[in-house]
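Worksheet: the structure to be examined is printed underneath.
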Amino acid sequence: MSFRFGQHLIKPSVVFLKSELSFALVNRKPVVPGHVLVCPLRPVERFRDLRPDEVADLFQVTQRVGTVVAKHFQGTSITFSMQDGPEAGQTVKAPEVAHYVFCKLQTSLQIPMTMVVLPKRP
């Protein structure tokens with residue numbers, strides 16, 4: 001099975017979790033340890049294009065991933081973020097919807113977090 005995030009083809013070897021409707025991977029250029037993406041399997045351009053079952057699965061997988069990442073990196077907090085459209089900071093060409101998950105440690109509180117995107121589907 002192949003995975004896509006916008007124009008990027010994602011190798012199955014970097015996907016660490018797959019549900020019926022979503023998948024999770026470590027960001028190629030993480031800004032902090034534990035910087036991961038949770039994306040819908042079906043490519044969509046905007047969050048509004050996801051079906052209700054896809055939204056539910058995306059959030060359930062994001063919750064599960066956040067819990068595991070925080071435990072693994074001994075995080076004290078988690079930042080969840082989405083960028084839905086270019087004016088919101090979307091940098092990957094559509095279709096691209098993704099939840100960005102950032103593990104926050106007490107020592108990393110000074111690092112600004114401005115990158116987060118929701119999985120987009122056509």
- Going hydrophobic residue to hydrophobic residue with side-chain gaps under 4.5 angstrom, can you get from V65 over to F73? yes

- Does R46 use its side chain to pair, donor to acceptor, with the backbone of D84 at less than 3.5 Å? yes

- Message: Do V38 and R64 have side chains that approach each other closer than 4.5 Å (heavy atoms only, starting at C-beta)?
- Response: no

- Item | V36 side chain near F16 side chain, heavy-atom distance below 4.5 Å | yes

- Message: Membership question, hydrophobic clusters at under 4.5 Å side-chain separation (ILVMFWY): are V55 and F80 in the same one?
- Response: yes

- Message: In terms of relative ring orientation, are F3 and F23 parallel, tilted or perpendicular, with 30° and 60° separating the classes?
- Response: tilted

- Between V68 and V26, is there a shared hydrophobic cluster once you connect ILVMFWY residues whose side-chain heavy atoms come closer than 4.5 Å? no

- Message: Using every non-hydrogen atom in the two residues, find where K29 and N27 come nearest and quote the distance to one decimal.
- Response: N-OD1, 2.8 Å

- Task: Any chance you could measure R28, atom CZ, to F5, atom CZ, to the nearest 0.5 Å?
- Result: 10.5 Å

- Item | Shortest non-hydrogen separation from R51 to E54 and the atoms involved | N-OE1, 2.7 Å

- Message: Nearest 0.5 Å, please: how far is CG in L21 from CG in L58?
- Response: 9.5 Å

- Query: Measuring from R4:CZ to L9:CG, what's the distance to the nearest 0.5 Å?
  - Reply: 5.5 Å

- Message: Determine whether a donor-acceptor pair (N or O, by modelled atom type, separation under 3.5 Å) exists between the side chain of D57 and the backbone of S22.
- Response: yes

- Message: Nearest 0.5 Å, please: how far is NZ in K11 from CG in L25?
- Response: 12.5 Å

